Amino acid sequence: MGPETTDKEIEIYQQRILELNRLAEIGQLSAGILHEIKNPVSFVNNFSRLSQGLVDDMKDIVQKQPADITEDDLADEKEMLETLSQNLLKINENGKRIERIIQGMLAQTRSDSAVLEPVDLNQLLEEYSKLAYQSVRAEDREFNVTLKYNLDPAIANVMLAKGEFGRVVLNLTNNACYAVNEKRKQGIESYEPVIEIITSRQEHELVIRICDNGIGIPEEIVSKLFDAFFTTKPQGKGTGLGLALTYTSVVNTHKGQIAVTSVLGEKTEFKITLPV
């Protein structure tokens with residue numbers, strides 16, 4: 001860009017870079033999304049098939065002459081109705097899960113201004129962290145990690161920009177996956193990769209912690225983590241925008257705070273504090 005480049009043009013370039021970064025993240029997540037959708041779709045298909053079998057059995061009883069219907073038939077029919085009701089509940093639950101995943105992805109593709117709405121924080125953390133994990137698994141089938149959740153059940157709906165905060169969780173979990181995967185590759189005996197996600201409520205704020213027992217971050221780098229285009233990953237593995245956008249979302253959109261603590265070679269913890 002020459003000296004004649006205007007502030008407006010620079011702003012346009014920056015917007016394009018951010019948009020490309022977001023599209024790259026969506027592309028990376030595609031395999032994880034397919035995997036996450038596959039499980040509830042299998043549930044829906046299986047319970048639908050089982051329910052059809054129950055309906056066929058009930059038809060056999062209903063088609064009998066009233067005089068031929070025994071007490072056992074009536075007991076069987078009652079049991080089948082109860083099972084059918086449970087199956088329909090499970091189909092509905094898994095259908096809603098598919099819907100949430102799709103809505104989450106649609107939110108990722110929108111570039112309009114963030115709108116705060118009531119969101120189940122614990123559910124969002126669990127679903128988006130699993131999406132991030134599955135996207136890493138899709139690229140490296142040898143990668144595995146234990147996802148531990150310690151989520152305060154007293155935390156219900158929180159005012160969030162759902163798609164934007166979803167990207168925050170995706171970025172932080174993706175970084176945690178990278179950290180534990182790099183440590184796994186070192187061949188340390190008895191090393192078990194773990195990512196723990198914790199929520200807690202304190203007086204006038206909510207605290208979210210995303211912790212990993214990976215390679216850690218050198219002390220001199222911690223202060224630069226949220227700078228745009230700064231990345232600790234090798235060339236081609238990161239854009240340096242993930243944590244910068246994460247910081248902007250937490251601090252500007254959600255009026256919260258984000259901090260990181262790390263012990264090199266041992267662990268890293270990102271702590272997000274949101275006002276109630």
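Every heavy atom of this structure was used, including side-chain atoms; hydrogens, water molecules and symmetry mates were not. The shown structure was predicted, so the numbers you read here are calculated from the model rather than taken from an experiment.
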### Query
Are L274 and F165 close enough, and set up right, to give a side chain to side chain contact (heavy atoms under 4.5 Å, CB included), and what steps lead you there?
CA-CA 11 Å; L274 297 175; F165 202 80; 4.1 Å; yes
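Contact check for R209 versus S200: side-chain heavy atoms found under the 4.5 Å cut-off. V158 is not listed as a side-chain neighbour of V119, based on a closest heavy-atom distance of 4.5 Å or more. Using a 4.5 Å cut-off on side-chain heavy atoms (C-beta onward), N122 and D120 make contact. Within the 4.5 Å cutoff, the side chain of E219 has no heavy atoms near those of the L264 side chain. In this structure the side chain of T273 reaches within 4.5 angstrom of the side chain of K271, judged on heavy atoms. With contacts defined as side-chain heavy-atom distances shorter than 4.5 Å, the pair Y128/T173 does not qualify. Side chains of M159 and P118 form a contact here, defined as non-hydrogen atoms less than 4.5 Å apart.
The environment of F143 atom CZ is dense: over 12 non-hydrogen atoms of other residues, nucleotides or ligands sit within 6.0 angstrom. The 12-atom threshold is exceeded at CD of E205, counting heavy atoms of other residues, nucleotides or ligands nearer than 6.0 Å. Atom CD of Q257 sits in a sparse spot, with 12 or fewer heavy atoms from other residues, nucleotides or ligands closer than 6.0 Å. Around the CD atom of Q202, the shell of radius 6.0 Å holds more than 12 heavy atoms that belong to other residues, nucleotides or ligands. Counting non-hydrogen atoms of neighbouring residues, nucleotides and ligands closer than 6.0 angstrom, the NZ atom of K183 exceeds 12 such neighbours. For E79, the CD atom counts as loosely surrounded, since its 6.0 Å shell holds 12 or fewer non-hydrogen atoms of other residues, nucleotides or ligands. Atom CD of Q186 is surrounded by more than 12 heavy atoms from other residues, nucleotides or ligands within 6.0 Å. A 6.0 Å sphere centred on NZ of K64 holds more than 12 heavy atoms belonging to other residues, nucleotides or ligands.
In summary, the side chains of Q52 and D56 do present a donor paired with an acceptor at a separation below 3.5 Å, with no hydrogens or angles considered. At a cut-off of 3.5 Å, with distance as the only test, a side-chain donor of E164 or S249 sits close to an acceptor on the other residue. There is a side-chain donor-acceptor pair under 3.5 Å between Y191 and N213.
If you chain together hydrophobic residues whose side chains sit under 4.5 Å apart, L172 and I215 never meet in one group.
Among the candidates L121, N174, L125, L131, the single residue satisfying the side chain to side chain contact (heavy atoms under 4.5 Å, CB included) test with V169 is L125. Among the candidates V207, I208, V276, T199, the single residue satisfying the side chain to side chain contact (heavy atoms under 4.5 Å, CB included) test with I155 is T199.
Between E127 and K130 there is no salt bridge, since no side-chain N of the basic residue sits under 4.0 Å from a carboxylate O of the acidic one. One finds a salt bridge joining R184 and E142 here, because a Lys/Arg side-chain nitrogen approaches an Asp/Glu carboxylate oxygen to under 4.0 Å.
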